[in-house]
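Let me begin by presenting the structure, written as structure tokens, before commenting on it.
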Amino acid sequence: MQEIILTKPDDWHLHLRDGAILNDVVNFSARQFNRAIIMPNLSPPVTSIEMATSYRDRIVQAKDPALSFTPLLTLYLTDNTSVQTIKDAAEHPDIYACKLYPSGATTNSDLGVSNIEKIYPTLEAMQEFNLPLLIHGEVTSPEVDVFDREARFIEKTLGPMTEKFPALKIVFEHITTQQGTEFVLETNTNIAATITPQHLLLNRNALFTGGIRPHHYCLPVLKRESHRTALVKAATSGNAKFFLGTDSAPHAQSKKENACGCAGIFSAHAAIELYTEIFEQAGALDKLEGFAAFFGADFYGLPRNTQKIKLRKETWKVPESYPFENESVIPFRAGEPIHWKLLAA
Ligand code: DOR
Ligand code: ZN
């Protein structure tokens with residue numbers, strides 16, 4: 001029986017939601033990750049330090065006290081985020097970054113940034129106070145093809161931004177394209193990227209296999225196979241600019257199986273197992289620990305974890321659904337096998 005031991009990983013991009021749902025989802029992450037960067041796209045969004053710290057308290061309250069798990073909070077940037085808020089956030093022990101959602105790009109992004117130039121003073125302050133900027137990198141113009149939105153964002157926004165703020169630490173979140181991997185590799189050392197399990201495992205055919213597949217719909221949307229292989233190459237290369245961020249984003253079944261279904265894939269139930277499958281298929285299991293446990297911490301300037309986890313090569317079947325407030329959430333690979341299993345600590 002094959003087993004591997006890894007330094008306990010962190011999830012550098014996670015949606016936990018709020019209220020009763022927190023209780024349903026937080027422990028899936030807490031059982032495998034030591035820390036997670038928590039996305040602020042709640043309704044209303046987490047735009048102030050007070051909102052972030054009270055959200056942090058609710059997460060800690062919802063978590064199983066037997067599990068060690070530290071939520072690392074982020075603030076949601078709007079057109080009006082003040083320089084003072086950035087300064088206070090940079091000094092605050094619970095806040096680790098700010099998230100840029102171009103307005104209209106995804107779930108609860110309506111209050112996001114309408115025009116990037118409007119927030120240049122905010123970015124200037126983030127650069128000065130060394131607060132990382134996390135980016136949902138897609139243009140939102142309806143005339144741009146949905147599959148081209150990431151590539152256009154690089155040309156139109158991200159390229160100029162990295163030139164204007166060369167010392168700003170940027171995480172290009174959930175990259176989905178070859179252009180994304182190339183941009184990160186070619187740009188300075190202050191830019192890194194997270195990569196999700198779904199973008200490493202699936203191409204856009206998975207949205208239409210035998211019919212429309214709402215549980216494979218996320219944003220940025222899955223891309224063609226050549227992009228998936230570019231992402232696998234980047235993730236498994238051992239290059240420290242690429243690290244784990246699941247973008248696990250649960251929505252109730254009725255919000256996914258809907259005439260206008262929400263974007264988001266729930267993967268927290270099996271995240272590290274899914275990544276292990278990917279690295280094994282690529283013949284790069286030796287590169288998994290860096291991607292999952294070292295490079296993100298190094299980029300954020302945080303200590304690496306010291307605890308360990310153990311995975312066994314063992315097939316198990318993902319449940320068809322998990323409880324989600326008064327409903328269900330359909331997990332990634334529902335009803336299908338996964339070939340690695342995280343063993344209890
Ligand atoms: O698929 C996604 N779901 N992409 C995002 O950017 C947001 C997320 C969510 O919050 O549901
Ligand atoms: Zn996300």
Side-chain angles (χ1 to χ4, degrees), residues 10-19 21-22 24-26 28-29 33 36-47 55 59 71-77 96-113 132-140 146-147 149-150 153 170-177 180 192-202 204 206-207 213-223 231 243-258 260-268 271 296 324-325 327 329-332:
D10 301 304
D11 185 350
W12 300 100
H13 185 128
L14 177 63
H15 298 266
L16 287 179
R17 313 306 190 202
D18 203 355
I21 291 169
L22 259 179
D24 293 322
V25 298
V26 66
F28 287 109
S29 297
F33 296 112
I37 284 275
I38 310 300
M39 288 297 127
N41 61 332
L42 305 180
S43 181
V46 180
T47 51
Y55 184 33
I59 297 169
L72 312 176
L73 276 288
T74 60
L75 293 188
Y76 180 112
L77 293 177
Y96 289 81
C98 293
K99 177 73 189 265
L100 166 60
Y101 287 106
S103 180
T106 187
T107 310
N108 291 338
S109 64
D110 296 355
L111 296 173
V113 173
L133 174 68
L134 315 184
I135 301 183
H136 183 109
E138 290 192 285
V139 295
T140 53
V146 69
F147 294 100
R149 288 183 184 177
E150 182 173 296
F153 184 86
I170 295 175
V171 184
F172 191 0
E173 298 288 351
H174 44 52
I175 57 167
T176 63
T177 58
T194 53
I195 312 184
T196 76
Q198 65 264 24
H199 293 106
L200 291 166
L201 285 161
L202 304 178
R204 64 193 190 179
L207 287 161
R213 298 297 192 126
H215 299 292
H216 286 161
Y217 175 55
C218 64
L219 287 171
V221 72
L222 297 171
K223 302 296 190 299
L231 296 174
F243 48 82
L244 186 158
T246 61
D247 199 14
S248 178
H251 290 276
Q253 182 172 9
S254 64
K255 297 265 169 54
K256 296 284 295 172
E257 299 170 11
N258 187 296
C260 187
C262 291
I265 295 180
F266 178 63
S267 62
F324 193 70
E325 206 171 2
E327 276 204 54
V329 60
I330 308 297
F332 191 66

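Everything quoted here is computed from the prediction, not taken from an experiment. Note that ligands are numbered from 1 as they come in the structure, with each ligand's atoms numbered from 1 the same way.
When all heavy atoms of Lys255 and Asn258 are compared, the closest pair comes out as O-CB, 3.7 Å. In plain terms, the two heavy atoms of Asn41 and Asn108 that are nearest each other are O-ND2, 2.9 Å.
Looking only at side-chain heavy atoms (C-beta outward), Val25 and Arg17 stay at 4.5 Å or farther from each other. Side-chain contact between Gln198 and Cys218: present, with at least one pair of heavy atoms (C-beta onward) separated by less than 4.5 Å. Side-chain contact between Thr74 and Tyr96 is absent, with no heavy-atom pair separated by less than 4.5 Å.
Of the N or O atoms in Ala249, none lie within a sub-3.5 Å distance of an N or O in ligand 1. Of the N or O atoms in Ala263, one or more lie within a sub-3.5 Å distance of an N or O in ligand 1. In terms of N/O distances under 3.5 Å, ligand 1 is approached by Gly264.
Heavy atoms of His13 found under 4.0 angstrom from ligand 1: none, in either backbone or side chain. Neither the backbone nor the side chain of Asn108 has any atom closer than 4.0 Å to an atom of ligand 1 (non-hydrogen atoms only). Neither the backbone nor the side chain of Met39 comes within contact range of ligand 1; no heavy atom lies under 4.0 Å.
Under 2.8 Å from the Zn ion (ligand 2) lies no N/O/S atom of His174, from backbone or side chain alike. Among the atoms of Glu173, no N, O or S atom falls under 2.8 Å of the Zn ion (ligand 2). The Zn ion (ligand 2) has His15 among its coordinating residues (N/O/S atom, backbone or side chain, under 2.8 Å).
Under the 30°/60° scheme for interplanar angles, the aromatic rings of Tyr101 and Tyr76 are found to be tilted. Between Phe243 and Trp12, the two ring planes are perpendicular [angle over 60°; tilted spans 30° to 60°]. Ring geometry for Phe153 versus Phe172: interplanar angle of 30 to 60°, hence tilted.
Ranking protein heavy atoms by distance to atom 4 (N) of ligand 1, first place goes to Leu219 O, 2.8 Å.
Take the N/O/S atoms of Asp247: the one nearest the Zn ion (ligand 2) is OD1.
Residue His251 places a heavy atom under 4.0 Å from ligand 1. Using a non-hydrogen distance threshold of 4.0 Å, Lys255 does not register as a contact of ligand 1.
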Let's go through Leu244 and Thr246 carefully: what are the C-alpha distance in whole Å and the side-chain angles of both, what is the deciding distance for side-chain contact (heavy atoms from CB on, under 4.5 Å) to 0.1 Å, and is it a yes or a no?
CA-CA 6 Å; Leu244 186 158; Thr246 61; 4.0 Å; yes
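When Val221, Leu222, Thr176 are each tested for a side chain to side chain contact (heavy atoms under 4.5 Å, CB included) with Arg204, only one passes: Leu222.
Heavy-atom proximity to atom 6 (O) of ligand 1, evaluated over Thr106, Val221, Asn41, is greatest for Thr106. The option with the heavy atom closest to atom 9 (C) of ligand 1, from among Asp247, Leu42, Thr196, Thr107, is Thr107.
Ligand-side atoms of ligand 1 in range of His136: 6 (O), range being under 4.0 angstrom from any heavy atom. Which parts of ligand 1 touch Cys218 is read off a 4.0 Å heavy-atom cut-off, strictly below it: atoms 1 (O).
Judged by distance alone, the side chain of His251 and the main-chain N or O of Ala263 form a donor-acceptor pair under 3.5 Å.
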